[in-house]
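To start, the structure itself, in C-alpha cells.
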Amino acid sequence: MTIQQFLVYLSLCAVCVLTKPTDKKDRVLHDPQLSDKVHDDAQNFEYDHDAFLGADEAKTFDQLTPEESKERLGKIVSKIDEDKDGFVTVEELRDWIKFAQKRWIYEDVERQWKGHDLNEDGLISWEEYKNATYGYILDDPDPDDGFNYKQMMMRDERRFKMADKDGDLIATKEEFTAFLHPEEYDYMKDIVVQETMEDIDKNRDGVIDLEEYIGDMYSHDGDADEPEWVKTEREQFVEFRDKNRDGKMDKEETKDWILPSDYDHAEAEARHLVYESDQNKDGKLTKEEIVDKYDLFVGSQATDFGEALVRHDEF
C-alpha cells in the first residue's frame, strides 16, 4: 500500500467509525471564535491582538521593541489595503481578520497542492487529482479493505466540478481551496448540504427523518436509556429543525441547521478597530492612524509575518 493509499484509508476509517454512545457529533458549521480572551479594552488588548493576528501569531509578538513592532505593522497594513488607495476600510479589515483566523486552511491547501500538482504548472486538473489520490483503484477496482473508493471518487469529482467555476476541469489555487474546504465559500454551500444529507439519509428518500438525525449523532449500542442531550436533540428536531412540521428535514431545513446565519464577529471587530483608531472620523483608516494605535492591533509584541504575507498575496 502506498502512502497515498494509506492516507485515504485513514480518512475513510475516520468517517466510518461508529459514534460512541455518549459522544455527540456536531455537523453545524460555525465560524470559530476570534479569541478565547475576554474582550475588555479597559483591561488589555489581548482579544484584539488575537483577532487581528490569529492567536498563534499573536503569541509570538513579544520579541520586538515597539519601534520594530510598528515597522512590521506598517507592512501588514500595506497588505490589508487591497485596492492600494491608501486607506483601510472596514471591509478590507474584516477580510484580513477572516484570513488571519483561517490561515490554517491556506496552509493545508499549500501542503496538498504540492502533492497534487504533478506537472508543476501552477494548476491542478481533475485527472491529476484523481491519479494522485485514487490512481491505484483503477488497477484494483475491488480492494481488499472493502471500502467503496469508486463512490468516494465520484463524490470528489462532483465537488471538484462544482468548485471549478469555468468548467474546464482545471483548478486554480482558489478553486482548489473551494474544493478542499467548501464550507468557506458561498457558491459551494449547496454541495456541503447535499453531501451531509447523503451521509445521514440512510433510506435514500431524499430527506432526513428524526431517527436518521439522531442516528447520525448517537449510537444506542445496546443501551436502552438515552443520555439527556439526545432527548434534547429530539426536541430540537421537532421544535426547530423541522420547520414545516412534516416529520423530516428537506434541503432548505438541513441548510438552516448546518449553515446557520451566525453573528459576524470579524465584521464587528473590524468596526471596533476602525472606531477606536479613526482620528478624523472619516470611517476609514490611514497607515498612520493604525500605527499610532499599534498597541490596539499588536501591542509591543511582534512576529515574523514574512510567510503569512506571502500566503496572503497568493490567495
Side-chain angles (χ1 to χ4, degrees), residues 11-40 47 51 94 97-98 101-102 104-105 151-152 155 158-159 162-163 178 180-272:
S11 68
L12 286 169
C13 284
V15 170
C16 293
V17 169
L18 286 175
T19 306
K20 294 180 181 179
T22 56
D23 285 348
K24 179 180 178 181
K25 183 189 297 182
D26 189 5
R27 288 191 178 270
V28 181
L29 301 171
H30 294 289
D31 282 335
Q33 295 185 87
L34 300 185
S35 173
D36 58 5
K37 311 288 196 313
V38 175
H39 195 183
D40 184 0
Y47 178 97
R94 177 201 62 204
I97 290 171
K98 288 186 175 182
Q101 294 297 316
K102 296 178 178 179
W104 68 271
I105 290 176
Q151 184 176 345
M152 191 171 185
R155 181 162 156 156
R158 181 182 63 191
R159 188 196 285 189
M162 180 71 75
L180 294 178
H181 299 279
E183 70 282 355
E184 302 297 330
Y185 291 81
D186 286 339
Y187 80 99
M188 295 292 290
K189 287 185 176 177
D190 282 346
I191 201 75
V192 174
V193 174
Q194 183 176 357
E195 290 178 0
T196 300
M197 293 190 74
E198 289 172 352
D199 289 342
I200 302 175
D201 177 23
K202 301 304 182 185
N203 63 9
R204 299 293 182 258
D205 63 351
V207 291
I208 299 172
D209 62 36
L210 175 58
E211 293 310 313
E212 288 170 332
Y213 174 80
I214 295 298
D216 181 62
M217 302 178 181
Y218 169 75
S219 173
H220 285 274
D221 202 25
D223 292 342
D225 296 329
E226 292 181 340
E228 281 301 315
W229 70 260
V230 176
K231 297 175 183 177
T232 300
E233 283 297 337
R234 288 186 180 277
E235 295 171 1
Q236 289 285 317
F237 182 94
V238 173
E239 296 296 325
F240 302 106
R241 310 280 187 246
D242 177 20
K243 296 182 185 298
N244 62 6
R245 302 292 193 272
D246 65 351
K248 48 190 176 289
M249 286 196 299
D250 58 23
K251 180 179 178 181
E252 287 305 312
E253 289 167 331
T254 302
K255 185 175 183 179
D256 289 343
W257 166 44
I258 66 171
L259 298 170
S261 300
D262 285 339
Y263 174 74
D264 194 334
H265 294 278
E267 172 95 16
E269 177 64 10
R271 291 188 180 280
H272 166 67

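Count residues from 1 along the sequence.
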Where E269 and A51 come nearest, the two heavy atoms and their spacing: CG-CB, 3.7 Å
Answer yes or no: is there a donor N or O on one side and an acceptor on the other, between the side chain of Q101 and the main chain of K98, under 3.5 Å? no
Just to verify, what does R234 make a side chain to side chain donor-acceptor pair (under 3.5 Å) with, not counting sequence neighbours? E211, E226
Ion pair check, D264 and R271, cut-off under 4.0 Å: no
Candidate list K251, R204, R158, test salt bridge (charged side-chain N to carboxylate O under 4.0 Å, His left out), partner E198, passing option: R158
Could I get the full list of side chain to side chain donor-acceptor pair (under 3.5 Å) partners for E239, not counting sequence neighbours? none
With rounding to the nearest 0.5 angstrom, report the OH to CG distance, Y185 to L180. 9.5 Å
Might you work through the salt bridge (charged side-chain N to carboxylate O under 4.0 Å, His left out) test for K231 and E228, ending with a clear yes or no? CA-CA 5 Å; K231 297 175 183 177; E228 281 301 315; 3.5 Å; yes
Search all heavy atoms of H272 against all heavy atoms of H39 and return the closest pair with its distance. NE2-NE2, 3.5 Å
Minimum heavy-atom distance between D209 and N203, given as atom pair plus value: OD2-ND2, 4.0 Å
CD1 of I208 to CZ of F237: how many Å apart, nearest 0.5 Å? 8.0 Å
Hey, could you give me the CD1/CZ distance between I258 and R27, rounded to the nearest 0.5 Å? 8.0 Å
Quick one: list whatever passes side chain to side chain donor-acceptor pair (under 3.5 Å) with K102, sequence neighbours left out. D31, E184
Measure the CE-OG1 distance between M249 and T196 for me, rounded to the nearest 0.5 Å. 10.0 Å
For Y213, the option from Q236, K248, R241 that meets side chain to side chain donor-acceptor pair (under 3.5 Å): R241
Between the CG atom in D201 and the CD atom in E212, the distance rounded to the nearest 0.5 Å is 5.0 Å
W229 versus M217, closest heavy-atom pair with distance: CH2-O, 3.6 Å
To the nearest 0.5 angstrom, please state how far the CG atom of N244 sits from the CD atom of E252. 11.5 Å
Over all atoms of both residues, closest heavy-atom pair of Y187 and M162: CE1-O, 3.2 Å
Do any N or O atoms from the side chain of D190 and from the backbone of Q194 form a donor-acceptor pair under 3.5 angstrom? no
Quick one, W257 with V28, criterion side-chain contact (heavy atoms from CB on, under 4.5 Å). Give me CA distance, side-chain angles, the key distance, then yes/no. CA-CA 7 Å; W257 166 44; V28 181; 3.5 Å; yes
Closest heavy-atom pair and its distance - R94, A270: N-CB, 3.7 Å
Quick one: do E195 and I191 satisfy side-chain contact (heavy atoms from CB on, under 4.5 Å)? Show the steps, please. CA-CA 6 Å; E195 290 178 0; I191 201 75; 3.8 Å; yes
